[in-house]
Number of protein chains: 2
Amino acid sequence: MAEEPKTVWDRPERGARGPAPERSRRELTSAAIRLADEGGLPAVSMRQVAKRLGTGPASLYRYISTRGDLLDLMADAVTSEIDLDLPSSGDPVEDLATLAGRQKQVYLRHPWLLDLPTEPTVGPLGMDYLERILRALEPTSLSRSTRLETIGLLNGLVTLFARTELRRRHSSSDPAQATMSYLVTAATEERHPFLTAALSDSPGTEAAQDTHTLFERMVRRVLTGLIETP
Amino acid sequence: MAEEPKTVWDRPERGARGPAPERSRRELTSAAIRLADEGGLPAVSMRQVAKRLGTGPASLYRYISTRGDLLDLMADAVTSEIDLDLPSSGDPVEDLATLAGRQKQVYLRHPWLLDLPTEPTVGPLGMDYLERILRALEPTSLSRSTRLETIGLLNGLVTLFARTELRRRHSSSDPAQATMSYLVTAATEERHPFLTAALSDSPGTEAAQDTHTLFERMVRRVLTGLIETP
DNA sequence: GTAATACTGAGAACAGCGATCGCAGTATTG
DNA sequence: CAATACTGCGATCGCTGTTCTCAGTATTAC
């Protein structure tokens with residue numbers, strides 16, 4: 001009943017018999033990441049990656065068995081950018097908030113992470129990150145399963161705030177801007193009084209809450225809520 | 001400097017001159033939704049939709065100008081499934097929690113909503129939903145811009161929990177299952193002690209927190225946190 | 001030392017995708 | 001009744017991920 005391996009990391013990078021491969025998963029991955037940083041996820045096509053490496057699309061399938069594999073590799077690779085060292089404060093909330101903040105920075109640096117089809121498969125480096133978070137959660141009295149769910153929630157908050165932060169960053173070329181202009185014209189005074197009121201304020205005039213501050217506040221609040229109440 | 005309209009709803013459904021269209025945006029939309037409910041977002045291709053309607057792919061472009069338009073229409077259409085009537089409790093937190101819960105149900109009924117490329121453009125029905133939430137937020141002292149951000153946060157929480165709820169629902173055919181089995185084999189005792197410990201518990205054995213309860217708790221906590229502190 | 005084996009690289013090709021063009025047909029306008 | 005502005009849609013373009021196939025090469029076994 002042994003099934004074939006499902007993740008990239010279950011499959012060996014290369015066999016032992018034939019000629020040495022001219023490239024490596026690492027090279028594919030970094031080329032793909034560079035492409036994604038420049039042109040977003042759509043730029044990461046087999047042909048584009050192959051061109052970057054000076055080879056043909058078919059050759060890539062010697063290293064990975066599907067495009068999804070490549071995306072998994074990319075997601076795991078950038079996880080290494082998260083610095084896992086932190087002063088052992090002993091306060092889980094503080095530690096987790098710090099780690100989450102660093103993770104958010106990675107998302108800001110690689111916005112395509114937000115466009116990944118599904119939550120990416122956890123790879124070796126993601127495992128180290130997971131491990132670090134679980135260590136930070138150790139002083140708590142949370143059940144093991146709840147800890148995993150807490151991590152999921154934390155992750156979700158990170159992506160959530162990363163998304164709004166990115167949206168605000170270049171709100172000029174934002175596709176949401178189209179929605180906004182549509183809303184302004186389509187919201188009728190009598191049918192949508194509150195909406196028209198909310199839209200009437202020129203955005204940014206009113207001191208908009210600093211997103212990162214809000215993020216830290218939210219993370220701490222959620223975490224303390226989760227940790228202190230059983 | 002007037003630019004051409006950006007959203008579907010800015011474009012007229014049909015002109016006044018020629019023969020009456022044999023189909024309507026409504027028909028396209030419901031056909032697409034049915035396809036998505038059955039086979040997920042990938043099943044919603046121009047060709048498939050066209051086949052459903054007994055026509056050719058090219059014909060669809062008489063009603064919409066891009067596939068994205070269709071997705072926008074779909075997202076807006078299912079918004080109508082959210083019941084906006086609720087006993088005017090006057091308590092913003094309670095009202096919002098109820099509305100968010102109903103929105104989550106819609107996500108559970110149409111899982112493809114979670115796979116939509118970007119946050120969908122708000123359409124007419126989405127506007128009604130927005131309006132309703134803003135009305136619920138009226139008693140608060142939040143600034144107008146903060147209200148919009150609160151809605152974004154609330155939306156994010158909904159998608160977050162909908163995602164985990166769906167994941168748990170059919171955890172058998174879950175792609176994350178592959179990750180799990182990989183994690184179990186790859187987590188080494190000395191390098192990932194906490195991870196191996198967390199994974200050693202058979203999932204579900206320990207009374208897993210009811211997700212919906214956790215959702216309601218989280219929503220209330222976040223909302224009170226946002227509303228009570230300026 | 002040679003034959004068998006197991007691998008690598010890559011050109012060609014396939015099915016499916018979103019989208020466009022151009023043309024025949026039709027209802028409305030002036 | 002002609003001019004106009006629309007609709008339906010077959011053909012087609014360029015793109016995508018992926019597979020087939022086969023020549024070439026390094027390793028292993030005898």
Side-chain angles (χ1 to χ4, degrees), chain A residues 4-6 8 11-29 31-32 35-36 39-74 112 115-118 175, chain B residues 4-6 8 11-29 31-32 35-36 38-74 112 115-118 121 175:
Chain A
E4 68 226 78
K6 293 260 169 49
V8 213
R11 286 183 286 272
E13 168 138 19
R14 57 157 304 190
R17 263 315 210 294
E22 300 177 359
R23 279 158 280 267
S24 65
R25 278 187 188 161
R26 196 167 218 82
E27 289 178 77
L28 295 219
T29 307
L35 277 171
L41 261 206
V44 182
S45 74
M46 293 298 147
R47 283 169 235 269
Q48 298 262 14
V49 174
K51 192 174 291 180
R52 268 288 163 108
L53 297 171
T55 179
S59 303
L60 302 182
Y61 288 87
R62 291 289 169 198
Y63 303 89
I64 53 177
S65 58
T66 186
R67 191 182 106 110
D69 282 357
L70 190 53
L71 300 183
D72 286 343
L73 287 170
M74 291 167 66
W112 45 267
D115 301 327
L116 284 179
T118 77
Chain B
E4 69 228 75
K6 292 259 170 49
V8 214
R11 286 182 286 272
E13 167 137 20
R14 57 157 304 191
R17 266 307 216 296
E22 300 177 0
R23 279 157 280 267
S24 64
R25 278 187 188 161
R26 197 168 216 83
E27 289 178 77
L28 296 219
T29 307
L35 277 171
E38 295 166 10
L41 260 206
V44 183
S45 74
M46 294 298 145
R47 284 169 233 269
Q48 299 262 14
V49 175
K51 192 173 293 180
R52 268 288 163 110
L53 297 172
T55 180
S59 304
L60 303 183
Y61 290 89
R62 290 288 171 198
Y63 303 88
I64 53 177
S65 59
T66 185
R67 191 182 106 109
D69 282 358
L70 190 52
L71 300 184
D72 286 343
L73 286 171
M74 292 167 66
W112 45 267
D115 301 328
L116 285 178
T118 78
T121 304

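Every chain is numbered from 1, with letters handed out A, B, ... down the list of sequences. These values consider heavy atoms only, across backbone and side chains, with no hydrogens, waters or symmetry-generated copies.
Although no hydrogens or angles enter the test, the distance criterion places no donor-acceptor pair under 3.5 Å between the side chain of Arg14(B) and the main chain of Pro21(B).
Phosphate proximity of dT7(D) to Ser59(B): absent, as no side-chain N or O sits under 4.0 Å from OP1 or OP2. Residue Thr55(A) places no side-chain N or O under 4.0 Å from the OP1 or OP2 atom of dG9(C). Residue Tyr63(A) places at least one side-chain N or O under 4.0 Å from the OP1 or OP2 atom of dG9(C). Phosphate proximity of dC20(D) to Tyr61(A): absent, as no side-chain N or O sits under 4.0 Å from OP1 or OP2. Dashed line: the shortest gap from a side-chain N or O of Arg23(A) to OP1 or OP2 of dA10(C) is under 4.0 Å. Look at Thr66(A) and you'll find a side-chain N or O under 4.0 angstrom from OP1 or OP2 of dT18(D).
Taking CG of Leu73(B) as the start and CZ of Arg25(B) as the end, the distance is 6.5 Å to the nearest 0.5 Å. Within the model, atoms CG of Leu35(A) and NZ of Lys51(A) stand 10.5 Å from one another, a figure rounded to the nearest 0.5 Å.
Arg17(B) places its CZ atom 7 Å from the P atom of dC6(D), with the value rounded to the nearest Å. Between Met46(A) atom CE and dC15(D) atom P there is a gap of 17 Å when expressed in whole angstrom units. Atom P of nucleotide dC17(C) and atom CG of Leu41(B) are separated by 13 Å, given to the nearest angstrom. Atoms CZ (Arg47(B)) and C1' (dC17(C)) sit 6 Å apart, rounded to a whole Å. Straight-line distance from the CG atom of Leu71(A) to the P atom of dT16(D): 14 Å, rounded to whole Å. Residue Glu22(A) contributes atom CD, which lies 13 Å from atom C1' of dC7(C) at whole-angstrom precision. Per the geometry, CZ belonging to Arg62(B) stands 19 Å off P belonging to dG18(C), to the nearest Å. Atom C1' of nucleotide dA15(C) and atom NZ of Lys51(B) are separated by 12 Å, given to the nearest angstrom.
Contact annotation for Val49(A): no contact, since no heavy-atom pair falls under 4.0 Å across all strands. Using a 4.0 Å heavy-atom distance criterion, Arg67(B) is classed as a sugar-phosphate-only contact.
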Please report the C-alpha distance between Glu27(A) and Tyr63(A) in whole Å, then the side-chain angles of each, then the deciding distance to 0.1 Å, and finally whether the side-chain contact (heavy atoms from CB on, under 4.5 Å) criterion is met. CA-CA 10 Å; Glu27(A) 289 178 77; Tyr63(A) 303 89; over 6 Å; no
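Distance from the side chain of Pro19(B) is smallest for dA27(C) among the nucleotides dT25(D), dA27(C), dC17(C).
Considering Leu70(B), Thr29(B), Ile64(B) as possible partners of Val49(B), the one that fulfils the side-chain contact (heavy atoms from CB on, under 4.5 Å) test is Leu70(B).
Remark on DNA chain C: of its neighbouring residues Arg14(B) and Ala58(B), the 5'-side contact belongs to Ala58(B), judged by nearest-heavy-atom nucleotide.
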